[in-house]
Amino acid sequence: MLKHLVSTRQVNTEVLETILAEAAALEAQYRENKLPKPLTDKAIATLFYEPSTRTRFSFEMATQRLGGLIISTESAAQFSSAAKGETPEDSIRVISGYVDGIVIRHPAKGIAAQVAEVSEVPIINAGDGNGEHPTQALLDAYTIKKDLGRLDSLRVTMVGDILNGRTIHSLLYLLALYPDNRIRLVSPPQLRLPAETIVSIAGNFTDITEHETLDDVLPYTDVLYVTRVQEERFKEMGLEQEYEQLKDCYIVNASSLDHLNADAIIMHPLPRLNEIATEVDADPRAAYFRQAKNGLFARMALLKLLLT
Ligand code: CP
């Protein structure tokens with residue numbers, strides 16, 4: 001079905017529906033303490049050149065809960081032989097001789113696809129710079145399906161750093177697989193997707209429009225997908241001052257909730273800074289912590305698909 005997962009552009013509806021159904025089955029078994037062990041005798045390496053809380057821990061927990069083994073390095077730029085100048089390709093050539101799958105996060109866009117070319121085992125992209133974060137999109141799709149019962153006919157408002165938000169890029173490709181989705185992208189002009197990217201995906205949606213004001217679109221929203229302005233991407237380009245000007249460009253707070261439909265959900269890949277006030281957390285529409293938990297099941301399902 002799939003060898004590697006480096007982009008959600010590789011995913012079709014058959015693959016996605018298989019993963020979502022498997023995630024639901026594994027979640028039910030997890031809740032009944034009856035998880036199977038399909039990864040017995042399988043080993044995963046998690047190789048993270050950038051920080052992570054959710055992605056690395058949930059992949060490692062998913063592997064162990066399904067009976068697999070883990071080897072791991074966080075801060076790989078410092079704690080692997082990358083510190084001595086080893087290229088990611090050489091690291092992958094070596095590590096792929098030790099394990100059955102590799103989960104990699106790296107600041108360079110396109111690196112997962114690059115190392116997949118030299119890997120003997122499946123490569124899973126856990127975030128490549130401002131490129132993609134496909135496994136986040138799987139858990140986002142799982143969350144939307146669980147909470148709203150569908151992945152079609154949705155009004156999805158994405159807010160914040162549309163340009164650098166890799167989770168947004170990956171989720172857009174999945175939403176494009178289903179009919180009648182309407183996308184609203186809310187950002188300052190500096191944080192918009194390039195026009196050619198919008199043009200390339202526009203035909204897959206009923207409509208896709210860009211906005212600068214959030215309150216105007218809140219009433220026309222089923223999924224409010226909020227993102228952090230990605231400070232690390234500004235730092236890489238020496239644009240710290242611009243980051244300071246943009247970082248709090250949108251803040252979802254208690255008064256935003258008044259504009260949002262009762263059955264809408266608020267998502268965020270996390271970590272959040274100021275863009276969702278903590279006063280929103282108690283609202284039943286705030287889905288972001290259950291979304292993070294869903295990562296365990298979506299990643300279990302993906303590991304089972306790729307490794308067994
Ligand atoms: N959503 C996400 O990728 O979180 P982490 O950076 O903590 O893995």
Side-chain angles (χ1 to χ4, degrees), residues 5-8 11 19 23 44-64 70 72-79 101-109 111-112 123-144 146-147 156 158-175 223-236 243 247 252 265-276 280-281 286-303:
L5 181 63
V6 300
S7 164
T8 47
V11 175
I19 292 171
I44 301 290
T46 54
L47 184 61
F48 277 57
Y49 295 81
E50 283 189 336
S52 169
T53 298
R54 281 145 289 274
T55 311
R56 190 167 69 88
F57 285 145
S58 62
F59 260 118
E60 294 185 0
M61 214 57 249
T63 303
Q64 293 187 41
I70 278 285
S72 179
T73 179
E74 57 178 335
S75 299
Q78 190 185 351
F79 295 132
I102 298 173
V103 182
I104 182 170
R105 171 172 288 188
H106 195 282
K109 182 178 178 179
I111 200 84
I123 294 290
I124 298 174
N125 179 6
D128 60 331
N130 68 355
E132 284 205 48
H133 193 347
T135 69
Q136 177 71 42
L138 295 179
L139 75 93
D140 291 344
Y142 184 54
T143 302
I144 295 169
K146 263 175 79 178
D147 278 20
V156 180
M158 295 172 156
V159 191
D161 195 344
I162 311 292
L163 176 64
N164 297 303
R166 57 196 180 192
T167 70
I168 286 182
H169 308 159
S170 289
L171 183 55
L172 278 172
Y173 294 127
L174 291 190
L175 292 170
V223 176
L224 178 63
Y225 193 95
V226 186
T227 60
R228 171 178 68 89
V229 176
Q230 306 281 298
E231 180 179 12
E232 56 274 43
R233 307 298 161 226
F234 287 77
K235 276 189 177 162
E236 285 161 7
Y243 170 74
K247 65 180 181 184
V252 175
I265 58 170
I266 305 167
M267 299 177 69
H268 192 307
L270 303 178
R272 60 116 174 242
L273 300 180
N274 297 326
E275 60 278 355
I276 300 181
V280 175
D281 296 358
Y288 29 93
F289 290 117
R290 55 183 185 266
Q291 176 187 356
K293 180 154 189 178
N294 286 336
L296 185 64
F297 311 117
R299 290 178 173 125
M300 279 182 187
L302 178 68
L303 289 169

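When a ligand or atom number is given, it counts from 1 through the structure's own listing order. The structure presented is a predicted model; accordingly, all values stated were derived computationally and were not measured.
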TODO: Please indicate whether Lys146 has more than 12 foreign heavy atoms, meaning atoms of other residues, nucleotides or ligands, lying under 6.0 Å from its NZ.
DONE: yes
Open item on the list: Please work out, at 4.0 Å between heavy atoms, whether the side chain, the backbone, both, or neither of His268 comes within that distance of ligand 1.
Closed with: neither
Open item on the list: So that I can tick it off, tell me whether Glu50 and Arg166 are bridged by a salt bridge, with the cut-off set at under 4.0 angstrom between side-chain N and carboxylate O.
Closed with: yes
Open item on the list: Within the 4.5 Å heavy-atom criterion, are Glu60 and Val103 side-chain neighbours or not?
Closed with: no
- [ ] Could you check if a side-chain atom of Val280 sits within less than 4.5 angstrom of a side-chain atom of His268, using non-hydrogen atoms only?
- [x] no
Task: Closest approach of any protein heavy atom to atom 1 (N) of ligand 1, naming residue and atom - done: Pro269 O, 2.8 Å
TODO: State whether the shortest distance between N or O atoms of Pro271 and N or O atoms of ligand 1 falls below 3.5 angstrom.
DONE: no
Task: Shortest protein contact, atom 6 (O) of ligand 1 (heavy atom only) - done: Arg105 NH1, 2.9 Å
Task: Pairwise side-chain contact, Leu174 with Asp140, heavy-atom cut-off 4.5 Å (strictly under) - done: no
Task: Electrostatic pair Glu236-Arg233, nearest N-O below 4.0 angstrom - done: yes
- [ ] Can you sort out which atoms of ligand 1 are near Thr53, meaning under 4.0 Å from one of its heavy atoms?
- [x] 5 (P), 7 (O), 8 (O)
- [ ] Could you check if a side-chain atom of Ile111 sits within less than 4.5 angstrom of a side-chain atom of Tyr49, using non-hydrogen atoms only?
- [x] no
Open item on the list: Quick test: of every protein heavy atom, which one is nearest to atom 4 (O) of ligand 1, and how far off is it to 0.1 Å?
Closed with: Arg54 NE, 3.0 Å
- [ ] Number the atoms of ligand 1 from 1 as they appear, then name those within less than 4.0 Å of a heavy atom of Leu270, with their elements.
- [x] 1 (N), 2 (C), 4 (O)
- [ ] Run the numbers for me: atoms of ligand 1, each under 4.0 Å from some heavy atom of Gln136, listed by number.
- [x] 1 (N), 2 (C)
- [ ] Say whether Arg56, considering both its backbone and side-chain N or O atoms, lies within less than 3.5 Å of an N or O atom on ligand 1.
- [x] no
